[in-house]
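Just below is one structure, and these are the notes that go with it.
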Amino acid sequence: MKIHLTSVFVDDQAKAEHFYTEILGFVKKYDVPVGEKDRWLTVVSPDEPEGTELLLEPAGHPAVKPYRDALVEDGIPLAQFAVDDVRAEYERMRGLGVRFTQEPLEMGPVTTAVFDDTCGNLIQIATKPQ
């Protein structure tokens, strides 16, 4: 068994597509219309085009807003992405205007940082433990 797909709820799929591809550097894999306004919109790592897909899922369900609001209020990231160098990625993303809620922080064998994805979520980046 392996993880094939996971998702983040987003307020606006077009805005999310821009942020996740142009800012974070993911690559769009699928973009299929679903209903009148929503899309089955997934992105993948350019390093693993056949790897785990991230669904940029519309946040229309009534349970999503209170769930995400509570996570953001408590500073809890919804997801974590692995990077080779958190400090370098932090500087690159800050240069593109990304707002961080946690600057790089060393925690034992990993370094983490947390940013606002502009679509209603906090996302953590972390180095893989050596």
Nearest-0.5 Å distance, CG of residue L54 to CG of residue L41: 9.0 Å

All salt bridge (charged side-chain N to carboxylate O under 4.0 Å, His left out) counterparts of D116, not counting sequence neighbours: R99

Would you give the length of the straight line joining atom NE2 of H4 to atom OG1 of T6, rounded to the nearest 0.5 angstrom? 11.5 Å

Do F100 and M93 touch side chain to side chain, with heavy atoms closer than 4.5 Å? yes

How close do G75 and P77 get, heavy atom to heavy atom, and via which atoms? O-CD, 3.5 Å

Got a donor-acceptor contact below 3.5 angstrom from the Q13 side chain to the D38 backbone? no

Is the number of heavy atoms from other residues, nucleotides or ligands within 6.0 Å of CG (D84) greater than 12? no

Nearest heavy-atom approach of K15 to D12 is N-OD1, 2.8 Å

Under the salt bridge (charged side-chain N to carboxylate O under 4.0 Å, His left out) test, residues paired with D31 that sit two or more places apart: K28, R39

Side-chain contact, heavy-atom cut-off 4.5 Å: Y90 with V83? no

For T21 and E17, the nearest pair of non-hydrogen atoms, with its separation, is OG1-O, 2.5 Å

From H18 NE2 over to L24 CG, what is the distance, rounded to the nearest 0.5 angstrom? 10.0 Å

If you round to the nearest 0.5 Å, how far is OH of Y30 from CG of L5? 10.5 Å

Spacing of W40 atom CH2 and E57 atom CD [to the nearest 0.5 Å]: 7.0 Å

Write down the atom of K29, the atom of V44, and the distance for their closest heavy-atom approach. CD-CG1, 3.8 Å

Using the side chain to side chain donor-acceptor pair (under 3.5 Å) rule, pick out the option among T42, D117, T118 that qualifies with Y20. D117

What side-chain donor-acceptor pairs closer than 3.5 Å can you find for residues 103-112, not counting sequence neighbours?
residue	atom	partner	partner atom	Å
E106	OE2	R87	NH2	3.3
T112	OG1	Q102	NE2	2.9

Taking every non-hydrogen atom, the tightest pair across P46 and P49: O-CD, 3.6 Å

Contact check, side chains of V114 and I123, non-hydrogen atoms, under 4.5 Å: no

Pair L71, L122 - check side chain to side chain contact (heavy atoms under 4.5 Å, CB included), show working. CA-CA 8 Å; L71 290 177; L122 295 179; over 6 Å; no

Quick one: does D11's side chain have a donor or acceptor within less than 3.5 Å of a partner on A59's backbone? no

